[in-house]
S.K.: 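The following block contains the structure, expressed as C-alpha cells.
Below, chains carry the letters A, B, ... as their sequence lines are ordered, and counting in each starts from 1.
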Protein chains: 2
Amino acid sequence: MELSERKLKILKSIIDEYIDRGEPVGSKHLMEYGNISLSPATIRNEMSDLENMGYLDKPHASAGRVPSGNAYRLYVEELMQEYKTSSEQLDLLSELTRFKTEEKDKIVEKARKIMSKMTNYASITVSENLPGAVISRFETMIIDSESMLLVMIMPDGRVNTKHLSTGTALDANDAQIIKNALNAHLSGRSLDDVSLSDIMSIEEEFGDMKALVNPILRIAYEAAVGSERRSVEVDGITNLLSYPEFKNVEKVKDLLGLFEQNGDTIKDFLPVESDESGLKVYIGDEENSKLSDTSIVFCSLPVGNRNTIFGILGPKRMDYKKATNALKRLSQTLQSLAKDEDAPRAIAENSGFSDEKDGKTD
Amino acid sequence: MELSERKLKILKSIIDEYIDRGEPVGSKHLMEYGNISLSPATIRNEMSDLENMGYLDKPHASAGRVPSGNAYRLYVEELMQEYKTSSEQLDLLSELTRFKTEEKDKIVEKARKIMSKMTNYASITVSENLPGAVISRFETMIIDSESMLLVMIMPDGRVNTKHLSTGTALDANDAQIIKNALNAHLSGRSLDDVSLSDIMSIEEEFGDMKALVNPILRIAYEAAVGSERRSVEVDGITNLLSYPEFKNVEKVKDLLGLFEQNGDTIKDFLPVESDESGLKVYIGDEENSKLSDTSIVFCSLPVGNRNTIFGILGPKRMDYKKATNALKRLSQTLQSLAKDEDAPRAIAENSGFSDEKDGKTD
DNA sequence: TTTTAGCACTCTTTTCAGTTGAGTGCTAAA
DNA sequence: TTTAGCACTCAACTGAAAAGAGTGCTAAAA
C-alpha cells in the first residue's frame with residue numbers, strides 16, 4: 001500500500017497530538033483538533049490502513065491509536081515542521097558563548113545544563129579521549145614547599161591541571177627536573193598509547209629521587225589518560241519526572257541505572273563514529289526494556305582533546321522538533337566557539353549559519 | 001508519666017521494626033518479632049501510654065503505631081545501638097584517602113559519592129567560602145600565544161585555576177604584569193571583601209593595555225569569589241527511589257526542587273555554626289511539607305578554603321545508626337587527611353581514632 | 001496490682017459486579 | 001469514495017460487600 005498524501009497528513013496529526021497530550025488519539029478527536037476535514041469514519045479507515053502498514057499501534061481495542069517506532073522515525077526524518085528557537089533559548093545559548101573565555105573544561109558541563117534548560121528534558125554527555133589526541137607539553141609550578149601544580153597542555157591549547165602534594169620538601173629545581181623528564185618522554189606522544197608501565201619506566205632515570213618521583217608520575221599518568229578515560233554525566237532528571245511516562249518510579253530507576261556504570265551500556269545506544277557530526281535520534285525500542293519508552297537525540301563533537309556525545313533524553317513521545325532544534329543550535333554554537341577562537345564575542349543567533357531554517361522561522 | 005525501662009524497650013523495638021519494614025507496627029507483630037515477652041494486650045497498654053506521651057502516632061484507628069518526630073529524636077540521641085562499619089564501607093573510605101594526593105578540589109565530590117555508596121541513601125554537599133579565607137597570591141603561566149593559566153593560591157595550599165583565552169596576542173611579559181597587578185592589589189585580601197568594582201579599579205593602572213586586561217580581571221574575580229560562592233550538589237537520588245516513601249514521583253520532585261536554586265532553601269534546614277564540627281540530625285518535619293518525610297544527617301567541615309556541609313539524606317525512617325556512623329567515619333577520615341598532610345598513607349580504619357566505638361564493634 | 005484473654009468495634013484494603021464512555025469495525029446508504 | 005449508523009470491546013470508574021489487621025475496653029487470672 002502507498003503512503004498517500006492524506007495518510008501522511010493524518011499520521012502527522014496523530015503524532016503531533018500524541019506528543020502534545022500523551023494519550024491515544026481517536027478518530028473523532030483528530031477531526032475536531034487535528035485540522036482534518038473528513039468524517040471520523042473515513043479517518044478510521046485510514047487509521048486502520050496505517051496500522052496495517054506498521055505506523056500505528058492500538059493499546060487495546062477501544063482506545064485510540066498511538067504512533068509506532070516507525071512512525072516516529074518517519075516523523076523525525078520527513079514529517080515534522082521547523083521549530084522556532086525562542087528568545088529564552090537563545091539567551092541560554094549565549095550563556096555558553098560567554099563561557100568561552102573561562103575554563104574550557106567546564107564547557108561540556110555548561111552545555112549539558114543548557115540542553116536540559118532549553119528542552120525541559122534530561123541531558124547526557126559522554127566524553128572520551130579523542131583517539132589521536134597528542135600531548136603537547138607539561139609545565140610545573142611550585143605552589144608551596146610541599147606541593148606543585150602539574151599542567152598538561154594539548155596542541156589545541158586545552159589544559160589539564162593537577163595539584164599534587166608530595167609529602168616531602170620540593171623546590172623549583174625538583175619541579176624543573178620532573179617537568180623535563182615528563183616532556184622528554186611524553187610530549188608528542190598520543191594519549192592512547194601512554195601506558196602506566198611506560199610512565200613507570202621514567203622512574204628509572206631518577207636515582208635517589210625515585211621515592212619522590214613515583215607518586216608524581218602516577219598522578220601525571222592520571223592527568224594524561226587516567227580515571228577519566230570516559231565520563232558519563234546526566235542532568236535534568238527532574239524534568240522527566242513531570243511526564244506521565246515516568247510516573248512509575250521503577251522506570252526512572254531503570255533509566256538512571258544505565259548511567260551509573262562506566263557508560264558501556266549507554267554507549268551501545270548511542271552509535272557514533274568519532275568523525276561524524278550530524279544529529280542522530282535513538283527512538284525507544286521495545287527490545288531494550290530499560291529504554292523502551294525513552295528517546296535520545298544526540299550528536300558527537302570534539303571538545304578540546306576529548307570527543308563528547310551530547311544527548312537530549314526524553315520520553316518516546318518527546319517533542320522531536322524542539323529537541324533536534326536545540327541540539328542543532330547547541331552544536332553550532334560549540335563548533336563556532338571552537339573555530340572562531342579569535343572572534344571573542346560571536347553570538348550564535350546572528351553569525352550566519354548554513355542552516356537554511358533560520359531565515360524562515362526566527 | 002515516666003518513661004520506664006519497659007516503655008523504652010518497647011519504643012525502641014517499634015522504631016527498629018518501623019525503620020526495617022516501613023509499615024505501622026502492631027502489638028502482636030511486636031510480640032512475635034520484637035523480642036518482647038509480654039502479651040499483645042499489655043503491649044497495647046504501653047503503646048497507648050507512649051502515644052499519649054507523644055512518642056507514637058497512629059495513621060488510623062485500626063493500624064499499628066508509627067514513631068513520632070520526638071521518638072526518632074530520642075532514638076538518635078539515646079536509644080539506638082552502635083553500627084558496625086562493614087568492610088565494604090571501610091574500602092570506600094580508603095578510596096578517599098587515596099584521593100589525598102590528587103586534586104583537592106575533587107575531594108568533596110568524592111566524599112559525597114562515598115556517602116551515598118556507604119549508606120544507600122542520597123547525599124548532599126553545600127560548600128561556601130570560609131568567612132575568613134584569604135588570598136595568598138596569584139601566579140600565571142603562558143599556555144600559548146593567546147591564552148594563559150591563572151592560578152590563585154590560598155594560604156593552606158589550595159589552588160584555584162582558570163584557563164583564559166584573551167583573543168589577542170599575549171607574551172610572558174604581559175602575564176608578569178598582570179600577575180604583579182593582581183598580587184599588589186589582592187594578595188592578603190579576604191575573599192569576602194573583594195568586590196567586582198574593587199577589581200575593576202585595578203584596570204585604571206593599565207593605559208593602553210586596558211582592553212586586554214579587562215576580561216582577564218573579570219575572570220580573576222570569578223576565580224576568586226565569583227559564581228561558586230556557594231555550590232550545592234546532590235548524589236545518589238536513585239537510592240531513594242527504592243523506598244516506598246518516594247514511590248510517589250511528586251515527592252521526589254519536591255525534594256530535588258529544594259536543591260535546584262542557589263541553596264538558600266536547603267541551608268535553612270541545615271543549621272550549622274561555621275566552627276562546630278559535630279553531627280546533627282534533621283528529622284523530617286510536618287511543618288515543611290517538602291521535607292516532611294525526609295531526614296538529613298549532616299555535619300560541617302572546612303575543606304581547603306571552603307566550609308562544606310556534608311549530609312546524608314534519606315526517608316524519615318532512615319537507618320540512623322548506619323547513617324550517623326557513616327558520616328562520623330567520613331568526617332574523621334577527612335579531618336585526618338587535612339591534619340596529617342605529611343603522613344601520606346594514613347588509612348582511616350587503623351589510625352587510632354578517639355572513637356571508643358571502634359574497639360567494640362570492628 | 002499487674003497481666004492477659006476475649007470480644008466488639010474501627011477503618012483500610014481487596015474484591016467483584018455493574019455501569020459508563022471512548023473508540024473501534026463493519027455494513028449499507030449517500 | 002465517503003459517511004451515517006450501530007453493535008461491539010474494553011479500560012476506567014463506582015459502590016457495595018467481605019476480609020483483615022489492629023485497637024480499646026472489660027473482666028478474669030495471676
Side-chain angles (χ1 to χ4, degrees), chain A residues 1-11 13-15 17-18 20-68 71 244-245 247-248, chain B residues 1-11 13-15 17-18 20-68 71 244-245 247-248:
Chain A
M1 205 178 315
E2 280 285 292
L3 260 177
S4 66
E5 212 42 46
R6 192 170 79 174
K7 280 194 174 56
L8 284 175
K9 186 176 180 194
I10 291 176
L11 182 57
S13 284
I14 292 175
I15 301 175
E17 276 298 303
Y18 187 66
D20 191 39
R21 303 187 315 130
E23 269 162 37
V25 182
S27 53
K28 198 177 159 201
H29 178 95
L30 203 59
M31 183 194 64
E32 284 168 19
Y33 304 99
N35 192 27
I36 309 275
S37 18
L38 288 169
S39 76
T42 311
I43 296 178
R44 275 206 291 284
N45 286 332
E46 295 287 46
M47 285 167 118
S48 174
D49 288 350
L50 285 166
E51 186 179 347
N52 290 332
M53 296 165 79
Y55 290 109
L56 292 178
D57 291 329
K58 243 189 322 194
H60 59 85
S62 74
R65 299 304 209 293
V66 160
S68 70
E245 282 86 345
K247 74 169 186 302
N248 178 0
Chain B
M1 204 181 313
E2 279 286 293
L3 260 178
S4 65
E5 208 49 38
R6 193 169 77 174
K7 281 195 173 54
L8 284 176
K9 186 177 179 192
I10 289 176
L11 182 57
S13 283
I14 292 175
I15 301 175
E17 275 298 303
Y18 187 66
D20 192 38
R21 302 188 315 131
E23 268 161 37
V25 182
S27 53
K28 198 177 160 200
H29 179 95
L30 204 59
M31 184 194 65
E32 284 170 17
Y33 304 98
N35 192 26
I36 308 277
S37 16
L38 288 168
S39 75
T42 310
I43 296 177
R44 276 206 291 284
N45 287 332
E46 295 287 46
M47 283 167 119
S48 173
D49 288 351
L50 285 165
E51 185 179 349
N52 290 333
M53 297 164 79
Y55 290 110
L56 292 178
D57 290 330
K58 243 190 322 196
H60 59 84
S62 75
R65 299 305 209 292
V66 160
S68 70
E245 282 86 346
K247 75 170 184 302
N248 178 0

S.K.: Report the distance from atom CG of B/Asp49 to atom C1' of C/dT3, rounded to the nearest whole Å.
M.R.: 14 Å
S.K.: Name the residue closer to the 5' end of DNA chain C, choosing between B/Ala41 and B/Ser62 according to the nucleotide with the nearest heavy atom.
M.R.: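 Taking each residue's closest nucleotide, the earlier one in sequence belongs to B/Ala41.
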S.K.: Tell me the interatomic distance from B/His60, atom NE2, to D/dT23, atom C1', rounded to whole angstroms.
M.R.: 11 Å
S.K.: Using the closest heavy atom to pick a nucleotide of DNA chain C for each, name whichever of B/Pro40 or A/Glu51 lands nearer the 5' end.
M.R.: B/Pro40
S.K.: Using a heavy-atom cut-off of under 4.0 Å over every strand shown, decide if B/Lys28 touches base, sugar-phosphate, or nothing.
M.R.: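 B/Lys28: no heavy atom of the nucleic acid under 4.0 Å.
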S.K.: CG of A/Asn45 versus P of C/dG23: gap in Å, rounded?
M.R.: 17 Å
S.K.: Go through the steps for A/Leu30 and A/Arg65 under the test side chain to side chain contact (heavy atoms under 4.5 Å, CB included), then give the verdict.
M.R.: CA-CA 10 Å; A/Leu30 203 59; A/Arg65 299 304 209 293; over 6 Å; no
S.K.: When rounded to the nearest 0.5 angstrom, what is the spacing between OG in B/Ser39 and CZ in B/Arg44?
M.R.: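 The distance works out to 7.5 Å.
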S.K.: Quick one: are A/Ile36 and A/Thr42 in side-chain contact, heavy atoms under 4.5 Å?
M.R.: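 No. Closest side-chain heavy atoms not under 4.5 Å.
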S.K.: From the options C/dG23, D/dT23, C/dT4, select the nucleotide whose nearest atom is closest to the side chain of B/Lys58.
M.R.: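 Out of C/dG23, D/dT23, C/dT4, the nucleotide with an atom closest to B/Lys58's side chain is D/dT23.
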S.K.: Which whole-number value in Å describes the distance from A/Glu23 CD to C/dG21 C1'?
M.R.: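 Interatomic distance, CD of A/Glu23 to C1' of C/dG21: 14 Å.
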S.K.: Is there a side-chain polar atom (N or O) of B/Arg65 under 4.0 Å from OP1 or OP2 of D/dG22?
M.R.: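 No, outside the criterion.
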S.K.: Where the side chain of A/Arg44 is concerned, which of D/dG24, C/dT4, D/dG5 is the nearest nucleotide?
M.R.: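 Taking heavy atoms from C-beta onward, the closest nucleotide is D/dG5.
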S.K.: Separation of A/Ile43 atom CD1 from C/dG25 atom C1', in whole Å?
M.R.: 15 Å
S.K.: Whole angstrom is fine here: how far is it from CE in A/Met47 over to P in C/dG23?
M.R.: 9 Å
S.K.: When you compare the side chain of B/Asn52 with that of B/Ser48, does any pair of heavy atoms fall below 4.5 Å?
M.R.: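 Yes, at least one pair of side-chain atoms sits under 4.5 Å.
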S.K.: Does any nucleotide pair with C/dT2 by Watson-Crick or G-U wobble geometry, both distances under 3.5 Å, and what is it?
M.R.: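 C/dT2 is paired with D/dA29.
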S.K.: How many angstroms lie between CZ in B/Arg6 and CG in B/Asp49, if you round to the nearest 0.5 Å?
M.R.: 9.0 Å
S.K.: Look at the side chain of B/Ser39 and decide which nucleotide, out of D/dG24, D/dT3, C/dA5, has an atom nearest to it.
M.R.: C/dA5
S.K.: Could you give the CG-to-P distance, from A/Asn52 to C/dG25, as a whole number of Å?
M.R.: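 These atoms are roughly 9 Å apart.
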S.K.: For B/Glu17 and D/dG22, what is the distance between atoms CD and P respectively, to the nearest whole Å?
M.R.: 12 Å
S.K.: Counting only side-chain N and O atoms of B/Ser27, is one of them less than 4.0 Å from OP1 or OP2 of D/dT23?
M.R.: yes
S.K.: Which nucleotide, if any, forms a Watson-Crick or G-U wobble pair with C/dA28, using both distances under 3.5 Å?
M.R.: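 C/dA28 is paired, partner D/dT3.
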